[in-house]
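Everything on this sheet refers to the single structure shown next.
Whatever order the structure lists them in is the order used to number ligands and atoms, beginning at 1. In this chain, residues are counted from 1 in sequence order. Atoms considered below: every heavy atom in the structure, side chains included; atoms not considered: hydrogens, waters and symmetry mates.
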Amino acid sequence: MKLTIPEKEIMSSGHLACQGCGAVLAMRYTLKALGKNTVIALPACCWSVIDGPFPHSSVNVPLFHTAFETAASTASGIKAGFDIQGKKDVNVVAWAGDGGTYDIGIGALSGAAERNDDIIYVCYDNEAYMNTGNQRSSSTPLKALTTTTPIGRPKEDNKKDIISIMAAHLIPYIATASIAYPEDMIEKFEKAKHTKGMRFILVFSPCPTGWKYSPQLTVKLARLAVQSGIFPLIEIENGTKWRLTKKIAKPKPIIEYLKLQGRFRHLKEKDTNEIQKIVDQTRNRLLEKIGE
Ligand SMILES: Cc1ncc(C[n+]2csc(CCOP(=O)(O)OP(=O)(O)O)c2C)c(N)n1
Ligand code: SF4
Ligand SMILES: [Mg+2]
């Protein structure tokens, strides 16, 4: 049988994630695409634990633990160090959660993008601060429950549009990716690997612990997010050329995605209708940008 993704594993088993963690598949596929010649800057997030306690590591590439807000600036510094040594071919990756990207690290991220630093910034998006027990981030979707938006007071604001923010920096390459579409994801990382300058990839990474669903549903949920249109798979060149990499002719109703997750269990029909309306509006805006 011919495999459609690289067979070689760089990440090893024995990691410390919860069962069914989407962020694990995100790292596994990323490393399959980028290969061994990769160094990762890792701020505080679930992945600082998943990797394992020193001197053990489930990630067989050098990994530099750093402060929460500094993923991008640490990666930029590592890249500058390699440049001075004349090592031009190392993939320098900043690997951060949504809290570290949409919120606390956005200053460093914007700075690296404005300078067009030659790094690959990856945000694995599990839509809350999961490592510290599921607090709301600006990536948490509308009406989701977290420990800081509890029963009776679900999130009142929309998920921040980080992709448009990054596109406004006019960086060479931006993509969204999903662990349910590994071929698409690996193709995007390979493209990023061969692009020079700042690259930003947002990987949708379901979290059974925080989203309150059964671990075996991780890939199904990631697929439903794409099929319902709440997480479209796109890529953007130079901030201006937007393209859908997975076209969904007839999106599934958003309720199919929402109903599998405990964080949305409190929703009434009027709430799901409101979410559906926002998903439709966002999709129409995206199609306009793409010119379809
Ligand atoms: C300056 C600072 N504030 C708070 C923390 C505590 N902290 C560590 S990880 C984390 C959550 C990270 O959330 P996210 O970036 O979304 O990654 P996830 O844990 O969801 O994988 C927090 C709040 C910290 N380490 N440093
Ligand atoms: S809390 Fe969520 S993101 Fe963190 S290790 Fe567990 S499943 Fe993965
Ligand atoms: Mg998170």
Side-chain angles (χ1 to χ4, degrees), residues 11-30 40-53 56-59 63-75 93-110 121-142 144-149 155 157 159-160 162-163 165-166 176-180 200-222 225 231 260-264:
M11 193 187 147
S12 54
S13 55
H15 61 73
L16 298 185
C18 315
Q19 197 181 17
C21 174
V24 164
L25 286 176
M27 178 67 87
R28 185 176 167 211
Y29 294 147
T30 298
I40 298 176
L42 187 80
C45 57
C46 270
W47 249 103
S48 349
V49 177
I50 295 171
D51 173 49
H56 306 287
S57 173
S58 57
V59 176
L63 198 153
F64 193 104
H65 288 270
T66 185
F68 199 4
E69 62 278 31
T70 65
S73 42
T74 303
V93 174
W95 180 273
D98 49 290
T101 302
Y102 289 66
D103 296 340
I104 192 164
I106 197 165
L109 170 59
S110 176
Y121 190 107
V122 184
C123 172
Y124 70 96
D125 193 352
N126 55 23
E127 301 191 320
Y129 292 76
M130 291 308 180
N131 187 42
T132 39
N134 191 10
Q135 293 83 31
R136 164 214 194 276
S137 79
S138 57
S139 166
T140 302
L142 181 70
L145 295 185
T146 67
T147 50
T148 45
T149 47
K155 195 186 180 210
D157 321 281
K159 183 180 171 95
K160 188 189 273 183
I162 193 78
I163 290 296
I165 293 170
M166 294 314 295
T176 61
S178 168
I179 50 127
F200 179 85
I201 302 188
L202 182 67
V203 186
F204 192 75
S205 307
C207 162
T209 310
W211 299 8
K212 313 270 180 266
Y213 67 84
S214 196
Q216 76 271 20
L217 295 179
T218 291
V219 174
K220 180 174 180 169
L221 267 177
F231 192 85
L260 298 177
Q261 305 171 59
R263 64 179 174 155
F264 295 117

Notebook entry, point to check: Of the protein's non-hydrogen atoms, which lies at the shortest distance from atom 18 (P) of ligand 1, and what is that distance?
Noted result: Cys46 N, 3.5 Å
Checklist line | pair Tyr102-Glu127: side-chain heavy atoms closer than 4.5 Å | finding: no
Next item on the list: Around atom 8 (Fe) of ligand 2, find the nearest protein heavy atom and jot down its residue, atom name and distance.
Entry: Cys21 SG, 2.3 Å
Check: Are Ile40 and Met27 close enough that some pair of their side-chain heavy atoms sits under 4.5 Å apart?
Finding: yes
Checklist line | N/O/S from Cys207 sitting under 2.8 Å away from atom 8 (Fe) of ligand 2 | finding: no
Notebook entry, point to check: What distance separates Leu25 CG from Met11 CE, expressed to the nearest 0.5 Å?
Noted result: 8.5 Å
Next item on the list: Report the part of Ala128 in contact with ligand 1, treating N, CA, C, O as backbone and CB onward as side chain, heavy atoms under 4.0 Å; options are side chain, backbone, both, neither.
Entry: backbone
Next item on the list: Could you find the nearest protein heavy atom to atom 19 (O) of ligand 1 and give me its residue, atom name and distance?
Entry: Asn131 N, 2.8 Å
Checklist line | Heavy atom of the protein closest to atom 6 (Fe) of ligand 2 (residue, atom name, distance) | finding: Cys18 SG, 2.2 Å
Note to self: Looking only at distances, can you tell me whether any N or O atom of Trp47, backbone or side chain, sits closer than 3.5 Å to an N or O atom of ligand 1?
What the structure shows: no
Next item on the list: Give the atoms of ligand 1, by number and element, whose distance to some non-hydrogen atom of Asn126 is under 4.0 Å.
Entry: 18 (P), 20 (O), 21 (O)
Notebook entry, point to check: Is any side-chain N of the basic residue among Lys159 and Asp125 closer than 4.0 Å to the acidic one's carboxylate O?
Noted result: yes
Checklist line | Closest non-hydrogen atom pair between Ile50 and Cys21, with its separation | finding: CD1-SG, 4.2 Å
Notebook entry, point to check: Do Pro208 and Thr218 touch side chain to side chain, with heavy atoms closer than 4.5 Å?
Noted result: yes
Check: Quick check: does Thr132 get an N/O under 3.5 Å from an N/O on ligand 1?
Finding: no
Next item on the list: Output the list of atoms in ligand 2 that are nearer than 4.0 Å to some heavy atom of Cys46, sorted by atom number.
Entry: 1 (S), 3 (S), 4 (Fe), 5 (S)
Next item on the list: Would you mind listing which atoms of ligand 1 come within a distance below 4.0 Å of any non-hydrogen atom of Gly99?
Entry: 14 (P), 15 (O), 16 (O)
Checklist line | Polar atom proximity, Tyr129 to ligand 1 (N or O, under 3.5 Å) | finding: no
Notebook entry, point to check: Looking at SG of Cys207 and NZ of Lys212, how far apart are the two atoms once the value is rounded to the nearest 0.5 Å?
Noted result: 8.0 Å
Notebook entry, point to check: Is any N or O atom of Ile104, backbone or side chain, closer than 3.5 Å to an N or O atom of ligand 1?
Noted result: no
Item checked: Atom indices of ligand 1 within 4.0 angstrom of Ala44 heavy atoms, with elements -> 8 (C), 9 (S), 12 (C), 25 (N)
Item checked: Trp47 side chain reached by Asn131 side chain, heavy atoms, under 4.5 Å -> no
Check: Nearest heavy-atom pair of Thr101 and Tyr121: which atoms, and what distance?
Finding: OG1-OH, 2.9 Å
Check: Do Ser138 and Asp103 have side-chain atoms, one donor and one acceptor, less than 3.5 Å apart?
Finding: yes
Notebook entry, point to check: Purely on distance, is any nitrogen or oxygen of Cys45 under 3.5 Å from one on ligand 1?
Noted result: no
Note to self: Is the contact between Ala23 and ligand 2 made by the side chain, the backbone, both, or neither, using heavy atoms and a 4.0 Å cut-off?
What the structure shows: neither
Notebook entry, point to check: Which atoms of ligand 2 have any heavy atom of Asn126 under 4.0 Å away?
Noted result: 3 (S)
Notebook entry, point to check: With a cut-off of 4.0 Å, which atoms of ligand 1 are near a heavy atom of Gly100?
Noted result: 15 (O)
Item checked: Atoms of ligand 1 close to Tyr124 [distance to a heavy atom under 4.0 angstrom, numbered from 1] -> 17 (O), 18 (P), 21 (O)
Next item on the list: Output the list of atoms in ligand 2 that are nearer than 4.0 Å to some heavy atom of Thr209, sorted by atom number.
Entry: 1 (S), 6 (Fe), 7 (S)
Notebook entry, point to check: Take atom CZ in Phe64; do more than 12 heavy atoms of anything else shown fall under 6.0 Å from it?
Noted result: no
Notebook entry, point to check: Could an N or O of ligand 1 be found under 3.5 Å from any N or O of Phe68, whether backbone or side chain?
Noted result: no
Margin query: When you compare the side chains of Thr146 and Thr149, does any donor N or O come within less than 3.5 Å of an acceptor on the partner?
Written below: yes
Check: What heavy-atom pair brings Tyr124 and Ser205 nearest, and what distance separates the two atoms?
Finding: CB-OG, 3.5 Å
Next item on the list: With heavy atoms of Pro208 as the reference, note each atom of ligand 2 found under 4.0 Å away.
Entry: 7 (S)
